[in-house]
Amino acid sequence: QEKLVESGGGSVQPGGSLTLSCTVSDLTFSRYHMAWFRQVPGKEREGVAAVTTEGAIIYADSVKGRFTISRDNSKNTLYLEMNSLKPEDTAMYYCAAVWVTPFQIANALNQNEYSYWGQGTQVTVSS
């Protein structure tokens, strides 16, 4: 059984919006630092946004002001609200989780920090 399951991807025109969800099972969600990553074929996986168990948040410069990460511990779910989408946001989006202490927010967009990964959800931004 997958522990992290993403949903909410799809196709949207430039300037549009999507909200991704990542539902977590078999883990004590509130104890895990969470993040969103994205990857396009032929490129390395890129950190998009992360939120710690304490609520500290970090964004990649490329999405600041357009994307919002949030978590609902009562629903074991991580969200990524994406607005003003651009063609360059097209990618497979993955959620990731790690349980470690201490955890430096400065490292939170490094994929090597994470232990658990979802299968991904595709986001395509095109006119």
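Atom set for the values below is all heavy atoms of this structure, side chains included, hydrogens, waters and symmetry mates excluded. This is a predicted model, so every value here is computed, not measured.
Using a 4.5 Å heavy-atom threshold, the side chains of E46 and S62 count as touching. L20 is listed as a side-chain neighbour of M82, based on a closest heavy-atom distance under 4.5 Å. Side chains of L27 and L4 form a contact here, defined as non-hydrogen atoms less than 4.5 Å apart. Residues T19 and L80 fail the side-chain proximity criterion, which asks for heavy atoms closer than 4.5 Å.
Looking at residues two or more places apart in sequence or on another chain, you find no side chain to side chain donor-acceptor pair (under 3.5 Å) involving Q104. Checked against ring pair (Phe, Tyr, Trp, His ring centres under 6.0 Å), F37 has the following partners two or more places apart in sequence or in another chain: Y114, W117. Judged as a side chain to side chain donor-acceptor pair (under 3.5 Å), and not counting sequence neighbours, T77 has no contacts. For S25, the side chain to side chain donor-acceptor pair (under 3.5 Å) test picks out no residue, with sequence neighbours left out. Among residues two or more places apart in sequence or in another chain, the side chain to side chain donor-acceptor pair (under 3.5 Å) test is passed with K43 by none.
Counting only residues at least two apart or in different chains, salt bridge (Lys or Arg N to Asp or Glu O under 4.0 Å) contacts with residues 10-35 are absent. Here disulfide bond (SG atoms under 2.5 Å apart) pairs that include residues 66-127, with residues two or more places apart or in two chains, are C22-C95. Sorted by first and then second residue, the pairs that involve residues 88-105 and meet salt bridge (Lys or Arg N to Asp or Glu O under 4.0 Å), not counting sequence neighbours, are R38-D89, R66-D89. Listed by first and then second residue, the salt bridge (Lys or Arg N to Asp or Glu O under 4.0 Å) pairs involving residues 70-84 amount to none (not counting sequence neighbours). Within the structure, every pair that satisfies the ring-ring contact (aromatic ring centres under 6.0 Å, His included) test and touches residues 75-99, not counting sequence neighbours, is listed here: Y32-W99. Among pairs with a residue in residues 46-72, none fulfils ring-ring contact (aromatic ring centres under 6.0 Å, His included), at least two apart in sequence or across chains.
Here the CZ atom belonging to R45 is positioned 10.5 Å from the CG atom belonging to N112, to the nearest 0.5 angstrom. Between the CG atom in N76 and the CE atom in M34 there is a gap of 9.5 Å [rounded to 0.5 Å].
Cluster annotation: V40 is not connected to V125 through the hydrophobic network of ILVMFWY side chains, with a link wherever side-chain heavy atoms come within less than 4.5 Å. Under a hydrophobic clustering in which Ile, Leu, Val, Met, Phe, Trp and Tyr are joined whenever their side-chain heavy atoms come within less than 4.5 Å, directly or via other members, V98 and V24 fall into different clusters. Under the 4.5 Å side-chain heavy-atom criterion for ILVMFWY residues, a single connected hydrophobic cluster contains both I69 and Y116. W36 and V100 fall into different hydrophobic clusters, where Ile, Leu, Val, Met, Phe, Trp and Tyr side chains are chained together by heavy-atom contacts under 4.5 Å.
Between A35 and A108, the shortest heavy-atom contact is CB-O, 4.1 Å. Annotation for L18 and G8: closest pair CD2-O, 3.9 Å, computed over non-hydrogen atoms. When all heavy atoms of S127 and P14 are compared, the pair lying nearest together is N-CD, 3.7 Å. When every heavy atom of T90 is checked against every heavy atom of Q122, the shortest pair comes out as CG2-NE2, 4.0 Å.
Counting Ile, Leu, Val, Met, Phe, Trp and Tyr side chains that sit under 4.5 Å apart, directly or through other members, I105 shares a hydrophobic cluster with I58, L109.
A donor-acceptor pair under 3.5 Å links the side-chain atoms of T52 to the main chain of E54, judged by distance alone. In terms of modelled atom types and a separation under 3.5 Å, the side chain of T121 and the main chain of G9 share a donor-acceptor contact. The backbone N or O of Q119 sits less than 3.5 Å from a side-chain atom of E6, completing a donor-acceptor pair.
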